[in-house]
Amino acid sequence: MKRRQITAIIAALALAVTSTALLTGCVGKSYYYKVNDDGSLERVGEIKKHTEDESSVESTVSTSDESKEEKSEVEESSEEEKSEEESKEESKEESEEAPGGSDEDVLAVLTVEMPTDWDAQEVVFKITDSNDKSASPEVKSEGDGVFSCTVSKFADDGEAFVDAKFNVLFKKGGTGTSKTTEDTMITGTKTYVAVQDGKKYTLSEK
């Protein structure tokens, strides 16, 4: 009698395993079964799989991390471009403020007002010093007989000026008549007025 019961139980278990395998292969699901006293099978629950869900979560997390990294790289690139643009703007402003070079290289900005009756067609600023160094900076017309120039701390040969001074040549076109002022020490950015004193042409601070 016991042998028959054991045989029935083994057969039922074999049938349960076979049924589970068949169900899993057909619909992709697995179930729990129990064997009743009469040898029949009763389904008691489904075996849930977490592999797909976990894979989906991992994929979502990975995608999110990659998105954050790409966003960070874009922001860093944008900040670098912005910094380069600001640097270019600052360099441009410095260049415009100091036409003769950087502010550190400028000795002075000289402005001279010429008498209207001199009617000069050409104006030249000549810079010299105690070591016979010289330079002729670019002259800018301000209109109404007013001329200016930016004087560098360095002569044309690159040497620094020592006790720099300057004079101004006013040359009239056509006749070639010219007037050259006497040397005047450079003591900083100033405005001068050119005047005639007898046979001399001098510069007076305004």
Side-chain angles (χ1 to χ4, degrees), residues 67-206:
S67 178
K68 288 179 180 179
E69 290 178 359
E70 291 177 357
K71 183 177 180 181
S72 177
E73 290 177 357
V74 171
E75 290 176 351
E76 290 178 0
S77 177
S78 178
E79 288 294 330
E80 290 177 358
E81 292 177 357
K82 183 178 180 181
S83 179
E84 290 178 0
E85 290 177 359
E86 290 177 353
S87 178
K88 290 179 180 179
E89 288 295 330
E90 290 176 359
S91 299
K92 183 179 179 180
E93 289 176 0
E94 291 176 358
S95 177
E96 290 176 351
E97 290 176 359
S102 66
D103 291 340
E104 296 180 355
D105 295 337
V106 174
L107 180 62
V109 176
L110 306 176
T111 303
V112 176
E113 296 180 2
M114 176 190 67
T116 56
D117 61 345
W118 286 14
D119 190 26
Q121 301 298 313
E122 182 181 359
V123 177
V124 179
F125 283 73
K126 185 175 182 180
I127 317 300
T128 58
D129 73 350
S130 56
N131 293 329
D132 295 328
K133 302 296 181 180
S134 64
S136 296
E138 181 179 353
V139 179
K140 180 180 179 181
S141 175
E142 306 292 350
D144 297 327
V146 180
F147 301 89
S148 66
C149 73
T150 300
V151 182
S152 171
K153 292 180 180 179
F154 305 96
D156 288 341
D157 61 2
E159 296 288 336
F161 281 121
V162 178
D163 297 328
K165 53 190 176 181
F166 78 104
N167 63 49
V168 185
L169 167 67
F170 298 94
K171 185 176 182 181
K172 187 173 182 178
T175 62
T177 303
S178 62
K179 300 176 177 63
T180 303
T181 64
E182 294 186 330
D183 289 339
T184 301
M185 294 298 297
I186 298 176
T187 56
T189 297
K190 294 182 179 180
T191 298
Y192 298 86
V193 177
V195 296
Q196 183 173 359
D197 183 11
K199 293 183 179 182
K200 297 179 182 179
Y201 302 97
T202 63
L203 297 173
S204 300
E205 290 185 28
K206 185 175 180 180

When you compare the side chain of V123 with that of V168, does any pair of heavy atoms fall below 4.5 Å?
yes

Considering non-hydrogen atoms only, spot the tightest contact between L169 and S178 and give its length.
CD1-CB, 3.6 Å

Check whether K153 reaches the backbone of E104 with its side chain - one donor and one acceptor, N or O, closer than 3.5 Å.
yes

Please enumerate all residues that pass side chain to side chain contact (heavy atoms under 4.5 Å, CB included) together with D119, with sequence neighbours excluded.
Q121, K172

Before giving the answer on side chain to side chain contact (heavy atoms under 4.5 Å, CB included), spell out for D129 and D163 the whole-Å C-alpha distance, their side-chain angles and the decisive distance to 0.1 Å.
CA-CA 5 Å; D129 73 350; D163 297 328; 5.5 Å; no

Please check: side-chain N/O of S136 versus main-chain N/O of K126, any donor-acceptor pairing under 3.5 Å?
no

Distance in Å, K200 NZ paired with T181 OG1, rounded so as to fall on 0.5 Å steps
13.0 Å

Applied to residues 129-162, the ring pair (Phe, Tyr, Trp, His ring centres under 6.0 Å) test, sequence neighbours excluded, yields none

Could you tell me whether the side chain of S130 and the main chain of V162 form a donor-acceptor pair under 3.5 Å?
yes

D132 atom CG, over 12 foreign heavy atoms within 6.0 Å
no

Minimum heavy-atom distance S152-L107, with the two atoms named:
O-CB, 3.8 Å

For residues 104-141, pull every pair meeting ring pair (Phe, Tyr, Trp, His ring centres under 6.0 Å), keeping only residues two or more places apart or in separate chains.
W118-F170, W118-Y201

side-chain hydrogen bond (donor to acceptor under 3.5 Å, both in side chains) partners of residues 182-199, not counting sequence neighbours, each pair once:
N167-D183, T187-K190, K190-E205

If you define the side chain from C-beta out and look only at heavy atoms, does anything of V109 sit under 4.5 Å from V151?
no

Closest heavy-atom pair, P137 versus T150, reported as atoms and distance to 0.1 Å, is CB-O, 3.5 Å

Not counting sequence neighbours, which residues clear salt bridge (Lys or Arg N to Asp or Glu O under 4.0 Å) with D157? List them please.
K133

Quick check: do L203 and V193 have side-chain heavy atoms less than 4.5 Å from each other?
no

Closest non-hydrogen atom pair between A164 and I127, with its separation
CB-CG2, 4.4 Å

Taking all non-hydrogen atoms of both residues into account, name the closest pair between E138 and C149 and its distance.
O-CB, 3.3 Å

According to side-chain hydrogen bond (donor to acceptor under 3.5 Å, both in side chains), who are the partners of S148, at least two apart in sequence or on a separate chain?
E142

